[in-house]
Amino acid sequence: LSILCVMCVERPTEIRAYLIEKLQWFVDNPKLPIRWDLFISPELRPEIPALPVWMLQQLEDDFVMEEPTAEMTAQAYQYRDTHLLRAILRGWRNVVTMSREMMKRLAELRVIAEDHH
């Protein structure tokens with residue numbers, strides 16, 4: 001969904017097809033790494049990816065961090081990307097479920113209307 005925050009689909013009616021096309025990419029490329037800016041065009045991506053400090057800090061109160069290690073940064077990005085993918089898939093599942101329910105309700109209303117006439 002970060003795509004829609006940055007990239008602009010020319011026609012609002014094409015958003016669904018656009019998202020389906022991008023989600024199909026996940027199906028076609030299951031082993032490639034997932035990043036939040038995966039589908040954002042390179043010229044619109046930030047030069048330095050945002051990584052909140054709280055993702056890098058350990059839980060001990062007396063821990064003072066000068067500079068994150070490469071391992072810490074990689075672990076933080078992996079954590080962030082995994083949770084982002086889960087949120088995207090959960091959101092898509094909700095959209096599909098709501099769409100199916102709406103179509104079922106419309107079919108029921110159509111039957112009622114046909115019976116009435």
Side-chain angles (χ1 to χ4, degrees):
L1 296 178
S2 62
I3 250 178
L4 296 178
C5 295
V6 178
M7 303 293 288
C8 206
V9 179
E10 292 196 18
R11 293 186 206 116
T13 55
E14 296 176 357
I15 289 176
R16 183 176 181 178
Y18 183 75
L19 288 175
I20 290 171
E21 173 191 332
K22 297 306 179 189
L23 288 172
Q24 183 62 43
W25 184 91
F26 289 113
V27 174
D28 296 339
N29 304 292
K31 297 191 184 224
L32 292 178
I34 307 300
R35 294 187 346 242
W36 74 272
D37 59 354
L38 188 64
F39 300 119
I40 297 172
S41 63
E43 64 271 3
L44 294 177
R45 286 184 190 161
E47 292 178 23
I48 301 172
L51 185 63
V53 173
W54 65 266
M55 292 180 82
L56 298 172
Q57 289 179 336
Q58 295 186 5
L59 298 176
E60 295 97 34
D61 292 333
D62 60 344
F63 181 74
V64 178
M65 180 175 49
E66 294 293 325
E67 183 115 4
T69 64
E71 180 182 295
M72 291 169 69
T73 304
Q75 185 178 7
Y77 277 118
Q78 178 63 38
Y79 176 84
R80 183 201 61 192
D81 293 344
T82 300
H83 289 293
L84 180 63
L85 176 61
R86 286 181 187 158
I88 289 170
L89 295 177
R90 208 172 25 247
W92 182 247
R93 185 183 63 215
N94 290 340
V95 166
V96 169
T97 301
M98 288 182 348
S99 188
R100 285 181 184 162
E101 289 173 0
M102 184 176 67
M103 295 306 286
K104 183 179 175 182
R105 179 68 180 140
L106 286 174
E108 291 170 356
L109 291 174
R110 188 176 300 128
V111 168
I112 291 170
E114 287 173 356
D115 290 344
H116 182 69
H117 289 292

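- Thr82 places a side-chain N or O within 3.5 Å of a backbone atom of Gln78 that can act as its donor or acceptor partner.
- A salt bridge is absent between Glu101 and Lys104; no separation between the charged side-chain nitrogens and carboxylate oxygens falls under 4.0 Å.
- Residue Val27 is not grouped with residue Trp92 when hydrophobic side chains (ILVMFWY) are merged at heavy-atom distances under 4.5 angstrom, including chains of intermediate members.
- Interatomic distance, Asn94 CG to Arg90 CZ, rounded to the nearest 0.5 Å: 8.5 Å.
- At a threshold of 4.5 Å between non-hydrogen side-chain atoms, the residues Met103 and Arg100 do not count as touching.
- Few gaps surround CD on Gln24; more than 12 heavy atoms of other groups in view lie less than 6.0 Å from it.
- Note on Leu85: it clusters hydrophobically with Ile20, by side-chain heavy-atom contacts below 4.5 Å among ILVMFWY residues.
- Taken to the nearest 0.5 Å, the CG atom of Leu84 stands 9.5 Å off from the CG atom of Leu89.
- Taken together through direct or relayed side-chain contacts under 4.5 Å among Ile, Leu, Val, Met, Phe, Trp and Tyr, Met98 and Leu106 form parts of separate hydrophobic clusters.
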